[in-house]
Amino acid sequence: MSVIQDPVNSGVYSGQDQPGGTNYINHSKGVMSWLLTLDHKRIGLMYMVSVLSAFALGGTFAIILRTMLFTHSSPENPISDSGQELYNQMFTLHGAVLVFMFIIPAVPAILGNMILPLMLGAKDVAFPRLNLLSWYCYIVGGLFFLFVLLSGGLDTGWTFYTPYSTSTSTSVAAATLGAFVLGFSSILTGLNFIATIHMLRPPGMGWFQLPLFLWALYATSLIQVLATPVLAITLLLLLAEKVLHIGIFDPALGGDPVLFQHFFWFYSHPAVYIMILPAMGIISELISTFSRRHIFGYSFIAFSSIAIALLGFLVWGHHMYTSGQSGMANAVFSLITFSVAIPSAIKIFNWLATMYKGSISLATPMLYALAFIWLFTIGGLTGVFLGSLALNIHAHDTYFVVAHFHYVMVGSMMTAFLGGMYYWWPKMFGKMYNEPVAKVAWFLIFAGFNLTFFIQFIAGSQGMPRRYADYLPEYAFFHKFSTVGSYVLAAGLVLVLLNWIHALLKGKKAPQNPWGSNTLEWHTSSPPPHENFAETPTVSDPYVMGAWDYDESIDGYVHNPQKAQELAQQGHH
Amino acid sequence: MLAILAQTDKTLFLPPGRSTFAGTHDGLYNFVLWMSVFWLVLIAGLLVYFVIKYRRKSPHDVPEGPTHSTAIELGWTLPPLILVMIIFVWGFRGFRDMNQAPNGAYQVIVNASKWNWSFTYGEGANASQLHVPVDTPISLVLTSSDVIHSFFVPEFRVKKDAVPGRYNKAWFQATQVGEYNLFCTEYCGKSHSQMISKVVVHTKEDYAVWLEKQMRWWEGEKPADVGMKVYTQRGCKQCHSLDGVDGDGPSWKDLFGSTRSFADGTTRVADEDYIRESILNPGSQVVAGFDNVMPTFQGQIKDPEVTGVIEYLKSISTHYEGAVLEVMPGAAEAPPAE
Amino acid sequence: MPSRDITEDRHDADPRPRDITDMSSDSAPQPDKAHGGHDNRPPHLAHHFETPKQQFESGKLGMWLFLATEILMFGGLFCAYAIYRGNHQDVFLYGYGALDKMWGATNTVVLLASSLTMAWAVRAAQKGQQKLLIAMLVATFMGGVGFMGIKAVEYKAKYDHNLFPGQQFNAFYYESGKPKYPEKLAHAIEYIDGRNAGRGGASHGTDGQGGEHSDAAPAPGEGQVLQGAGHQQAEADAQAPAAVIVTASFAPPADVTNLAPPASPADAGVLDSAIDHAGVVQTPHAGHTQILWEDLSQTERGKVHIFFEIYFLMTGLHGLHVLIGMGLIGWLILKARARTFGKEYFTPVDVIGLYWHLVDLIWIFLFPLLYLIH
């Protein structure tokens, strides 16, 4: 715990964050000042670059596979072996890269790293070295996946089901190791966040003054810490099976392939909540800020996050209704699965109630929040179909499931992530993005997503199985429609990227607080100084925004300490 | 009102139901569907209404409103809770019926392998499509020779994994004569999407006729034709080509009579015995350059079918110059009754 | 957790030396003058913490969280253990015969002792007793060396009898229903049967069918294997003369390799009765407390290798943790020699101590689960 390697100590940079002064981006220079940084904001930025690269890669795979599905075989034009193999590789890599390298780390590792200490008024996370180590784990895991790409690919599906995964000749071992190392990255982030939220809360910020984004990150971190080790051991067993043929999962050697599914889903179902919980946390912040209203039902939203995290550990068996597990087990898993629906519903209603009588601005982040509610409602309601035993039998492993988890894991999580990125963009970079372009991109993404995936519910109900390189002619319409939709979605995402690059290069200067939010990250300059705060901010209810006055000259909000004091007085009574 | 909607047999999205499960399943499906539409319209409607009604008039707005109410929270927690519990019980009851075959159901053994289906009937017949009599409970015992597959017939609303090393059970009762698609829904490798077969539902009389014929389907056919049918129907074609290009297994073209080199360095001429052994015990002689991936057909294939394959291989090999059998051996003594 | 009570008062640094040892071995770092004295932060306090107490408690919380992940990771293996042991009791009763209780017990004592010295080291660090700290750390390190040494001896015995995990090594693998390495298998059976028969003869004799067994048990060796294999195996080796017993009696385990569907409805009915509610094919349970190869059903014989895989995975992963712990303790020794720790600052000793106790604790579970199955 020595600080010898860390040249900056408390207070040295105080007061130097004014215009023309230094901030965390320019306070030191050179590649090494980034690669060895312990600053959570710089680590967040490095995560941003790497995670978005993985997103681009996985998205490219998606476009390739959707393009392959635009046509189907016919007796005159049968599908080739190489075509099938390419498709199987594409859907596997699409899933594996996006799940392990985008959806799981995106919100915690990018936005969490950036914002969590700022929201706490802290100088950094509890363990800055572990934080850097987690980024390096991510990079090493990513290198393993790159190796997989270059060395025979991967065709197991991201679920690595045995015994297929132990019998295929593709690079399962390298992919397993990659996912294993990425798991460590995730564990380190989660561990860091829990310790930070426990130990580095400022005086005056009790658990129930935490911003809801932090509650969500806390619940997420619990899952990361408690579920990921099980994935680690599962992958180790799989690796031993693959390399040594030990036979724990291989029926030909006396093992049980369904045991692998239990292990895998014990991690991977909670992992779904690693993906969605932090997204919900962002939405709570956005809805409140852009309605300029105190969040409704704070404690219900906070506890629903924890409830989801805990119940999420007990529902893994609902991925295995058709595997031959006992009817009793199926019934119990189904019952618990339904109970998870309730905390999710509570969140939606509370967000709506927050908008009630608000002052709703349709700035880009809010548009994403509204899109989230639409997409998540659809994703959640179709989850009710899948939780039901009788309906699951028909829908399992069809496009219905594909559509459902894309609505939840991609539609909801991705819109929340993009909304969060737009929301905190001025804080992170001190630059504003182009609002009209951002809105056009939002529309393309929202429309493109629904075009791509809604029709897949119908295809799945009609019986179209998932992971098919080819399909019968009766499903052609659904696939063509979906492929066209995916192009619209891709165009929207490219536009987002271009807008961001433009904002970095040419964006106009952002005020300290463009939205009028009262969480602590808006109490420091944009971008923040290396030490986060020039002076320690005063903690107050994060959802009381009355102390921020709009100033037209900077198109942003300015803090009014006197009002803040009055509001604090009122709060006490 | 939702319940009334659910009772109608009209479905927006589902294929027509053709088994006894379809009634319960589709009723529940419609119930959940209309319930979902209700909530989605309610939530989206409120969303749009609030956005319009409470749109920001000025950035100086400081709106006030309620921030918490335990009564309201409980109020909107209870209806969804009750609804999902209804759906749980409904789904569980439907599932319970699907899980337990009635006594005396007609049993078919399902063996899945990459990438074809094999159905074995109590009477000893075997087929690559599932033929069943209408209005009869059919009990399936599913297993797999290699990796996990899954048996799925959309019109029957039935699905069950075929897991190697286990016997899973499923059942259904078809309600209408016809042909239905049968999919593999558990990803199983390269040709997963080609692992599609048919369920053929016959009238009871037609089924008896079919079964009788199927038990000696090769009768009256030339052995090489029998072999060709085995090739297409039993999944050989997924790995063995006829054009000389090797796939996951060696091509069948010019195979018979050629000299095979094995992974252990030994060689052997591909004669009748070799072919027979390759079919019944494929792991015993893996040709160099190939993986030991072929499942055994021991117990699943009849002698005349093996003979058919051998004759068919002879007919497409330049290494074999003898005659190809015109009549199945043994068939001559007992020609099929006219 | 002896260190815990003591640490409670660690932050109220008492300026008065408590005793003579404290003075002589005082390693508390001097106040750092390099930082310009803008505040009186101790040099070991990282910039983002307000107080040493906050830093210490964060470190400790972090370690506890890490230990939770470790427990869950091992938990996966314990689950695999429980499932296979539950489904195949006799396989475990048979396989554990290859393990040496005495070595296992010795290792338990060694690790417990090293946990004690580790706790002592933490206390020494808290009290600033420099020499004692180093001595105790070295003792703990040596405990690790001893443990790994004994483990190496045990692994060597497994290696010699072809019990290493993996299809390339383990004698108990079957291929297409036949033993993959018949000679190695005969040798391994002889080895384990000899140990099993030898270790529990008395209890074996008292059980209902003990009389039949005691004939075979006292004479380990080829004859015993052959005689044993013929026992109670009428259905499997009716055609097998003793001389070819090793190959002939290992008919394919019914549920593993012979997946061809039964040809007649009658057979299918038999199949039904063998399928339990979960769809797993069950095999009859032999019911002995002491298991010889002859007692295992065909199915179970095909699964014996899984016991050794679980044994090696569990002890191997644990051994890896011991090695990592030894590395960390080695680092602590170097740091302690550089006088890094003292009453003011001993977080690394404390948290690495926690880690070492966990490694010890896991072994406390592994030992009875693997070595004391009876």
Side-chain angles (χ1 to χ4, degrees), chain A residues 81 84-85 88 157 161 163-164 167 251 257-258 292-294 296-298 300 322-324 327 331 334-335 338 341-342 345-346 348-349 352 355-361 370 373-374 377-378 381 384-385 388-391 393-394 396-398 458 461-463 465 467-470 472 546 550, chain B residues 13-15 24-25 28-29 32 36 39-40 43-44 46-47 50-51 54-56 59-63 65-68 73 76-77 80-81 84 87-88 91-92 94-95 98-99 147-148 150 152 154 157 159-161 163-166 168 181 183 185-194 247:
Chain A
D81 277 7
Q84 298 180 60
E85 278 160 7
N88 293 343
Y161 270 18
Y164 184 74
S167 60
V258 179
R292 231 172 143 59
R293 273 258 284 129
H294 193 288
F296 188 90
Y298 172 94
F300 281 85
T322 66
S323 71
S334 174
L335 183 63
F338 278 118
I342 302 304
I346 288 176
I348 298 230
F349 296 141
L352 281 175
M355 290 168 66
Y356 173 70
K357 287 195 172 176
S359 162
I360 298 172
S361 146
L370 299 177
I373 293 181
W374 169 262
T377 303
I378 293 178
L381 287 168
V384 173
F385 285 81
S388 163
L389 282 164
L391 300 185
I393 301 300
H394 177 70
H396 179 69
D397 271 349
T398 66
I458 305 172
S461 294
Q462 289 287 343
R467 296 178 168 178
Y468 264 29
D470 188 18
L472 299 175
Y550 183 70
Chain B
F13 296 148
L14 293 165
T24 317
H25 174 278
L28 178 54
Y29 185 99
V32 181
S36 300
W39 287 110
L40 185 64
I43 289 168
L46 283 174
L47 202 71
F50 288 167
V51 163
Y54 302 116
R55 67 186 178 279
R56 186 168 295 181
H60 300 287
D61 286 350
V62 185
T67 60
H68 60 270
E73 298 282 351
W76 63 39
T77 302
L81 187 66
V84 294
I87 295 165
F88 163 71
F92 175 67
F95 173 76
M98 296 162 103
N99 213 24
V147 300
I148 302 177
S150 192
F152 176 40
R157 321 286 190 248
K159 183 179 289 130
K160 197 77 171 184
D161 291 359
V163 182
R166 269 185 188 228
N168 278 340
N181 289 322
F183 295 104
T185 47
E186 181 61 63
Y187 173 68
C188 57
K190 189 191 78 190
S191 297
H192 173 52
S193 62
Q194 308 298 305

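To find a chain, count down the sequence lines: A is the first, B the second, and so on, and within it residues start at 1. Since this is a predicted model, take the numbers as computed values, not measurements.
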> So which of B:Ile148, B:Asp61, B:Asp161, B:Leu81 has the largest heavy-atom pair count under 4.5 angstrom toward chain A?
Replying inline: B:Asp161

> What class does the angle between the rings of B:Tyr54 and B:Phe50 fall in, given that below 30° is parallel, 30 to 60° is tilted and above 60° is perpendicular?
Replying inline: tilted

>> Looking at every non-hydrogen atom in both residues, tell me the closest pair between B:Arg157 and B:Met98 and how far apart they are.
In response: O-CE, 3.1 Å

>> Report which part of A:Phe300 has an atom under 4.5 Å of a heavy atom belonging to chain B: side chain, backbone, both, or neither.
In response: side chain

>> If you count heavy-atom pairs within less than 4.5 Å of chain A, which of B:Val62, B:Ile87, B:Asn99, B:Leu40 leads?
In response: B:Leu40

> Which atom names give the shortest non-hydrogen contact between A:Lys357 and B:Pro63, and what distance separates them?
Replying inline: O-CB, 3.4 Å

> Among A:Ile373, A:Thr377, A:Asp81, A:Ile378, which residue forms the greatest number of heavy-atom pairs with chain B at distances under 4.5 Å?
Replying inline: A:Asp81

> If you look at every heavy atom in B:Pro66 and A:Phe296, which pair is closest and at what distance?
Replying inline: O-CD1, 3.3 Å

> Looking at B:Gly94, B:Pro59, B:Pro154, which one has more heavy-atom pairs under 4.5 Å with chain A than the rest?
Replying inline: B:Pro59

> For A:Ser361, is it the side chain, the backbone, both, or neither that has a heavy atom closer than 4.5 Å to a heavy atom of chain B?
Replying inline: both

> Under a 4.5 Å heavy-atom cut-off, does chain A meet the side chain of B:Phe152, its backbone, both or neither?
Replying inline: side chain

>> We want to know whether A:Asp470 and A:Gln84 form a side-chain donor-acceptor pair, criterion being a heavy-atom distance below 3.5 angstrom.
In response: no

> What orientation do B:Trp76 and A:Phe349 show, parallel under 30°, tilted 30 to 60°, or perpendicular over 60°?
Replying inline: tilted

> Can you find a pair of side-chain heavy atoms, one from A:Phe385 and one from B:Ser36, that are under 4.5 Å apart?
Replying inline: yes

>> Among B:Leu46, B:Thr77, B:Thr24, B:Val51, which residue has the highest count of heavy-atom pairs closer than 4.5 Å to chain A?
In response: B:Val51

>> For the interface with chain B, which of A:Ser461, A:Gly297, A:Ser388 has the highest count of heavy-atom pairs at distances below 4.5 Å?
In response: A:Ser461

>> If I measure from the heavy atoms of chain B, does A:Tyr164 come under 4.5 Å with its side chain, its backbone, both, or neither?
In response: both

>> Counting only non-hydrogen atoms closer than 4.5 Å, does A:Ile348 touch chain B with its backbone (N, CA, C, O), its side chain (CB onward), both, or neither?
In response: side chain

> Crowded around B:Trp39 CH2? As in, over 12 foreign heavy atoms under 6.0 Å?
Replying inline: yes

>> Please enumerate all residues that pass side-chain hydrogen bond (donor to acceptor under 3.5 Å, both in side chains) together with B:Ser193, with sequence neighbours excluded.
In response: none

>> For A:Leu391, which atoms come within 4.5 Å of any heavy atom of chain B: side chain, backbone, both, or neither?
In response: both

>> Below 4.5 Å, heavy-atom pairs only: which of A:Gly358, A:Gly157, A:Gly546 has the largest tally toward chain B?
In response: A:Gly358

> What residue, out of A:Ile346, A:Ile360, A:Asp397, A:Asn88, has the most heavy-atom pairs lying under 4.5 Å from chain B?
Replying inline: A:Ile360

> Does A:Tyr356 have any side-chain hydrogen bond (donor to acceptor under 3.5 Å, both in side chains) partners at least two apart in sequence or in another chain, and if so, which?
Replying inline: none

> Of all of A:Ser167, A:Ser334, A:Ala341, which one pairs up most often with chain B through heavy atoms under 4.5 Å apart?
Replying inline: A:Ser334

> Side chain, backbone, both or neither: which part of A:Ile342 has an atom under 4.5 Å from a heavy atom of chain B?
Replying inline: side chain

